[in-house]
Asker: 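My structure is below; once you've seen it, I'll send some questions.
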Amino acid sequence: MQINHHAHMEFFMLDERTGKNVFYTINRQRLREIQSEVAEILHMQRGVDKRIAGLNALSLELTLSS
């Protein structure tokens with residue numbers, strides 16, 4: 001069995017004028033870039049993109065562990 005060291009982070013950004021959360025207005029590509037940057041800074045390996053793997057998280061985990 002392999003230990004899956006990973007991290008979860010939650011970001012939020014507030015609009016200066018309204019105070020409302022605008023984080024979810026960022027497109028998915030930019031979010032992937034942010035994840036890659038954070039992984040690089042923390043010296044962590046990025047996971048396989050599910051669009052490439054074609055599997056959901058549980059299926060991918062079971063595949064990688066076998």
Side-chain angles (χ1 to χ4, degrees):
M1 175 182 272
Q2 245 183 4
I3 296 174
N4 179 15
H5 296 284
H6 66 281
H8 293 262
M9 300 177 81
E10 187 170 327
F11 296 92
F12 69 95
M13 299 182 317
L14 301 178
D15 182 284
E16 292 179 18
R17 291 173 288 137
T18 66
K20 292 184 179 181
N21 187 353
V22 295
F23 180 74
Y24 296 103
T25 61
I26 297 176
N27 67 43
R28 290 178 183 254
Q29 177 59 37
R30 183 61 187 133
L31 289 175
R32 284 190 285 275
E33 292 168 2
I34 291 170
Q35 289 176 330
S36 294
E37 290 172 18
V38 170
E40 185 177 328
I41 291 166
L42 297 177
H43 305 285
M44 297 179 76
Q45 181 180 0
R46 284 280 279 134
V48 177
D49 189 320
K50 70 179 183 181
R51 295 170 306 156
I52 296 168
L55 302 170
N56 65 33
L58 179 58
S59 298
L60 182 58
E61 183 175 333
L62 294 173
T63 300
L64 294 175
S65 66
S66 55

Asker: Work out which heavy atom in Val22 is nearest to a heavy atom in Thr25; give both atom names and the distance.
Answerer: O-OG1, 2.5 Å
Asker: Are Leu42 and Leu31 linked, directly or through other ILVMFWY residues, by side chains that come within less than 4.5 angstrom of each other?
Answerer: yes
Asker: Could you give the distance from CD (Gln35) to CZ (Arg28), rounded to the nearest 0.5 Å?
Answerer: 10.5 Å
Asker: If we ignore angles and hydrogens, is there a donor and acceptor under 3.5 Å between the side chains of Gln29 and Arg32?
Answerer: yes
Asker: Checking side-chain contact (heavy atoms from CB on, under 4.5 Å) against Thr18, which of Leu14, Asp15, Asn21 comes through?
Answerer: Asp15
Asker: Can you tell me if CD on Glu33 sees more than 12 non-hydrogen neighbours from other groups inside 6.0 Å?
Answerer: yes
